[in-house]
Amino acid sequence: MKKGIHPENYRLVAFKDMSNDDVFITKSTASSKENIEVDGINYPLVKLEISRTSHPYYTGKSKLIDTAGRIDKFNSKYRKPKS
C-alpha cells in the first residue's frame, strides 16, 4: 500500500443491520461512538437500517406496493377541475 494516501482512521469496523441483527466486519473510515465485541475483539460499531442481508433486491423477498392506490390518490389531489 502506498504511504500517505489513506486516512489515519482507516481500520476494521463492525456494521450491524438493525432489522435482522446481522453483523459484518470490513475496513472503513466511518466514525462511531459505540463499540461491539465480535469473537472476542472490540470493534467500532456502525448501525445500518438496511444491508445486503435484509434488502429485498438481494434477498428476493419483495414487499407488495399499492401503486394503484397511490396513482388514484395523486390523480384526485392534482386533477384539474373540468370547465
Side-chain angles (χ1 to χ4, degrees):
M1 210 180 323
K2 200 171 189 181
K3 299 285 183 193
I5 63 169
H6 292 287
E8 294 295 321
N9 64 342
Y10 188 64
R11 75 242 184 259
L12 289 173
V13 176
F15 288 87
K16 182 176 183 180
D17 185 336
M18 299 309 290
S19 65
N20 63 7
D21 292 331
D22 179 54
V23 177
F24 60 95
I25 299 169
T26 187
K27 289 189 173 182
S28 177
T29 60
S31 60
S32 174
K33 295 179 182 177
E34 297 180 57
N35 291 323
I36 189 172
E37 187 174 318
V38 178
D39 297 330
I41 301 172
N42 210 5
Y43 296 102
L45 173 65
V46 176
K47 295 179 180 178
L48 304 172
E49 294 293 323
I50 194 165
S51 73
R52 60 178 165 66
T53 59
S54 62
H55 194 283
Y57 179 80
Y58 296 106
T59 62
K61 299 175 186 173
S62 62
K63 295 180 181 177
L64 180 62
I65 299 173
D66 180 22
T67 55
R70 290 182 182 182
I71 293 169
D72 291 339
K73 185 177 178 181
F74 177 84
N75 287 337
S76 66
K77 186 174 182 180
Y78 295 104
R79 181 174 290 139
K80 291 183 181 178
K82 293 182 180 179
S83 5

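Every pair passing ring-ring contact (aromatic ring centres under 6.0 Å, His included) that includes a residue from residues 17-37 is listed here, sequence neighbours excluded: F15-F24. The list of side chain to side chain donor-acceptor pair (under 3.5 Å) pairs with a residue in residues 37-46, not counting sequence neighbours, is empty.
Smallest separation of non-hydrogen atoms from K16 and V23: CG-CG2, 3.8 Å. Summarising the geometry of D17 relative to S51, their closest heavy-atom pair is OD2-OG, 2.7 Å, with the distance given to 0.1 Å.
Other members of the cluster containing M18 do not exist, because no ILVMFWY side chain is joined to it at under 4.5 Å.
Connection of I36 to V46 is not established within any shared hydrophobic cluster, with ILVMFWY side chains joined at heavy-atom distances below 4.5 Å, either directly or through further cluster members. Linking ILVMFWY side-chain heavy atoms closer than 4.5 Å, directly or via other members, places L45 and L12 in a single hydrophobic cluster.
Listed by chain and residue number, P7, R11, T29 satisfy the side-chain contact (heavy atoms from CB on, under 4.5 Å) test with N9 (two or more places apart in sequence, or in another chain).
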